[in-house]
Amino acid sequence: MTKAAATRRVAVLTGGSQGLGLALTRRLAADGWSVVVDARRSTALADATADLAGVVAIPGDVSDAGHRRRLVDAATSLGPVELVVNNASTLGTSPLPPVEELGPEVLRRIFEVNVVAPVALLGDLRLAAGATVVNVTSDAAVEAYEGWGGYGASKAALEHISRVLAVERPDLRVLVVDPGDMRTEMHQDAFPGEDISDRPEPEASVPGLLALIDGAQPSGRYTARAVAVPEPSVS
Ligand SMILES: NC(=O)c1ccc[n+]([C@@H]2O[C@H](COP(=O)([O-])OP(=O)(O)OC[C@H]3O[C@@H](n4cnc5c(N)ncnc54)[C@H](OP(=O)(O)O)[C@@H]3O)[C@@H](O)[C@H]2O)c1
């Protein structure tokens with residue numbers, strides 16, 4: 001292992017091939033983190049991360065226990081995991097259906113990816129004191145938007161289980177972060193055929209996330225673009 005690799009802090013981030021996950025992975029890698037990332041589409045993941053120093057890409061589905069084990073093994077071989085970003089998520093279907101048309105299979109899949117997998121990953125990792133967990137949520141967790149019942153309920157569940165984790169593990173920082181609307185594939189899937197070019201790029205949500213990750217804010221719920229971002233120091 002090179003000296004640079006030995007001194008990098010270690011993070012696990014799910015859904016790192018595009019959108020918010022890739023934007024945050026780029027910045028974490030530039031800031032000296034080793035980041036173990038995943039996504040199901042292996043070619044897109046490999047292409048997106050090929051030029052990023054310190055990024056280990058492991059294709060797979062977060063809902064698959066064997067894949068999560070590979071993420072954990074890869075990360076822990078690099079050192080103690082200090083940051084987990086549960087970012088990978090699914091809407092279920094596009095277009096978004098009303099609650100009565102969701103169906104149990106789609107609802108189960110939404111909860112499997114958005115709630116069960118993040119919680120299972122944390123269980124597999126058994127983070128040491130001082131680590132930070134970022135569970136990416138949405139305003140759909142607290143607002144009742146037509147069509148967003150399944151996804152919103154899953155994010156509400158993720159938020160609540162995060163609050164319980166924060167009580168059980170006061171030695172961790174458990175940050176529930178709403179990144180705000182972003183111009184991504186997921187957002188386009190939520191509004192099929194609509195022009196979403198007025199939504200900010202995911203990079204707009206990254207400074208707030210980094211400020212939280214690097215900061216001392218306590219466990220709680222945050223809105224990424226409302227977080228105060230420190231001025232860059234002038235040397
Ligand atoms: N976009 C918005 O406006 C918005 C608003 C509020 C909250 N959020 C939240 O922000 C986070 C990022 O969303 P985004 O808009 O950046 O999404 P995105 O651009 O669609 O990217 C999602 C990423 O997650 C991966 N992924 C999805 N399902 C996965 C699975 N089962 N296993 C492993 N990887 C998986 C995707 O790759 P593969 O498809 O190849 O697996 C991709 O890398 C999500 O938690 C989302 O709920 C988004």
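Computed from a predicted model, the values in this text were never measured in an experiment. Each ligand, and each atom within it, is numbered from 1 in the order the structure gives.
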Chemist: For ligand 1, does R109 get within less than 4.0 Å through its side chain, its backbone, both, or neither, judged by non-hydrogen atoms?
Modeler: side chain
Chemist: Decide whether an N or O pair under 3.5 Å exists between V62 and ligand 1.
Modeler: yes
Chemist: So is P179 touching ligand 1 or not, going by heavy atoms under 4.0 Å?
Modeler: yes
Chemist: Using a strict 4.0 Å cut-off to heavy atoms of E185, name the atoms of ligand 1 that fall inside it.
Modeler: 19 (O), 20 (O)
Chemist: Under a heavy-atom criterion of less than 4.0 Å, does D181 contact ligand 1?
Modeler: yes
Chemist: If you measure from each heavy atom of G180 to ligand 1, is any distance below 4.0 Å?
Modeler: yes
Chemist: Touching ligand 1 at all, N114? Heavy atoms, strictly under 4.0 Å?
Modeler: no
Chemist: Under the criterion side chain to side chain donor-acceptor pair (under 3.5 Å), which of N86, N135, T137 is the partner of S162?
Modeler: N135
Chemist: Tell me whether T90 reaches ligand 1 (any heavy atom closer than 4.0 angstrom to a ligand atom).
Modeler: no
Chemist: Would you mind listing which atoms of ligand 1 come within a distance below 4.0 Å of any non-hydrogen atom of G19?
Modeler: 16 (O), 19 (O)
Chemist: So, does K155 sit close enough to ligand 1 that a heavy atom of it is under 4.0 Å from the ligand?
Modeler: yes
Chemist: Mark the output for G60 as yes if a heavy-atom distance to ligand 1 is under 4.0 Å, and as no if none is.
Modeler: yes
